[in-house]
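First the structure, in the form of structure tokens, and then the observations on it.
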Amino acid sequence: MADEPLAPPKHDHATLTFPEGFLWGSATSGHQVEGNNQNSDWWEWEQKKPKEFQSGEACDQYNRFGEDFDLLKNLGQNAHRLGIEWARIEPEEGVFDETEIEHYKKVLQALKDRDIKVMLTLNHFTMPLWLAKKGGWENFKSPKYFERFVKKVVPEIKDLVNLWITINEPGVLVYCSYIEAKWPPQKKSNLAVLKTTRNLIRAHKKAYKIIHQIIPDAKVGIAQNVQSFTAFHKHSLREQLGVIVSDLTTNHLFYFFTKGYHDFLGINYYFHNRLQVDKGLFPSTVSVSSFNKEVSDLGWEIFPEGMFDVLTDLKDGLPIYITECGIATSNDDRRIRFVMQYLQEVYRAIQAGVKVKGFFYWSFLDNFEWADGFSPRFGLVEVDYKTQKRTPRPSAYIYKDIIEHNGIRHELMKFLGHRIHVTDVIDIPGIGVVK
Ligand code: BGC
């Protein structure tokens, strides 16, 4: 007699299992964790600010990378996204510091020794001061300078990197530096917006080509800040149109101009915007505070559904890595819920046919949050900046459990429905006490 077909598992009782070989990691960037990145544009800019807005020693990862990577390993993570600092490697124009290259080789080797896959960012917001003085990304030659740096550094570290990110969030860089002008060089200028966008596009393409010349089968991409947009009034045509235009310009434009220069899509997902036509012709973003939604310590709306939207929206056949996703909160029970809710949406997208290959929580450690200084706490691991002591938060262990099961098991799923109150100890049935 033929076997009876198995009844399909009840959705709410199933473990949400991710694809085999899924990369589970967390992310940082050089300037935000290393400390003393003194030859960079950011360093110089910070010196005029109050102490709490200066990166200073940051997490001192420049010296503590070994113990940090031991911690990553103990927390079960099988991949790590980190950056190298161009300003350290090329502190003067055309002069490369071999000791810094050796340093980064040791850092990357330390990850390899622990069997942790490496996603490496070549440029994460900062640049050498000499280049900033020449106009930074506004300078027509900036893509050439970046190419020279990439040509120098990639052959040295090529055997130690699994996935390459050329540039982190080009759109955010342009927005924060030249539109909102809250980051260096704080220059509000439409012309600068056009110039920097063009040069970042050229820089990515050049870097992509060079890396492929050196390593033909390299996997190269960018980390793009993608945002979810919805119309405040579903039936407003103008608001819906605003959603389409915002989606195209924010999420697709850079990919459009660099088509054919990506082996995967890297997605940083943090933001949801509700667009409303209030006065005037164009819709604007409704302040989240006006409708009592849960927000992070930075006031960013918690909107897990947006993860599904951006993944299904951007899907175009290439593998996707979530290169960043995380919450700034001093309350770790919120981080636990965040991780599970957002991962549930990643899982849904995978079920819907999106090829998601990995997830990097932002951030591994609390770190220097750019113009917001040290107060936002994004880390799975808490950093006491006075002593540099690292203390994994309960969320780090929940994430470890997810990694060990390559998915969210039923015992954890139950907690999605309610708020978990975490003091310093949590006891999860089937998992035990987590400190
Ligand atoms: C950036 C990170 C930053 C994080 C949280 C991303 O836009 O790549 O450097 O710390 O968001 O704001």
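No hydrogens, no waters, no symmetry mates; every other heavy atom, side chains included, goes into these values. Atoms within each ligand, like the ligands themselves, are counted from 1 in listed order.
- Looking at atom 7 (O) of ligand 1, its nearest protein heavy atom turns out to be Glu169 OE1, 2.5 Å.
- Partners of Trp45 according to the ring-ring contact (aromatic ring centres under 6.0 Å, His included) rule, which considers only residues two or more places apart in sequence or in another chain, are Trp42.
- Salt bridge Glu301/Arg274: present, at least one basic N to carboxylate O contact under 4.0 Å.
- For the ring-ring contact (aromatic ring centres under 6.0 Å, His included) test, residues two or more places apart in sequence or in another chain that qualify with Phe303 are His272.
- Of all heavy-atom pairs spanning Leu160 and Lys105, the tightest one is CD1-O, 3.7 Å.
- Nearest to atom 4 (C) of ligand 1 by heavy-atom distance, out of Phe125, Tyr270, Phe378, is Tyr270.
- Under the 4.0 angstrom criterion for non-hydrogen atoms, Phe271 is not in contact with ligand 1.
- Ligand 1 has a nitrogen or oxygen under 3.5 angstrom from a nitrogen or oxygen of Trp370.
- When hydrogens are left out, the protein atom nearest atom 12 (O) of ligand 1 is Glu369 OE2, 2.5 Å; that is the closest non-hydrogen contact.
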Notebook entry, point to check: Run the side-chain hydrogen bond (donor to acceptor under 3.5 Å, both in side chains) check on Arg81 and Thr28 step by step: do they pass?
Noted result: CA-CA 6 Å; Arg81 177 177 170 217; Thr28 60; over 6 Å; no

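- Contact annotation: for Tyr269 versus ligand 1, there are no heavy atoms closer than 4.0 Å.
- A donor-acceptor pair under 3.5 Å is formed between the side chain of Ser40 and the backbone N or O of Trp43.
- Counting atoms of ligand 1 from 1 in the listed order, those under 4.0 Å from a heavy atom of Gln32 are 2 (C), 3 (C), 9 (O), 10 (O).
- For ligand 1, the atoms closer than 4.0 angstrom to any heavy atom of His124 are 1 (C), 2 (C), 8 (O), 9 (O).
- The closest approach between a heavy atom of Asn168 and any atom of ligand 1 is below 4.0 Å.
- Protein heavy atom nearest atom 6 (C) of ligand 1, with residue, atom name and distance: Glu324 OE1, 2.9 Å.
- Relative ring orientation between His204 and His262 is described as parallel, the plane-to-plane angle staying below 30° on a 0-90° scale split at 30° and 60°.
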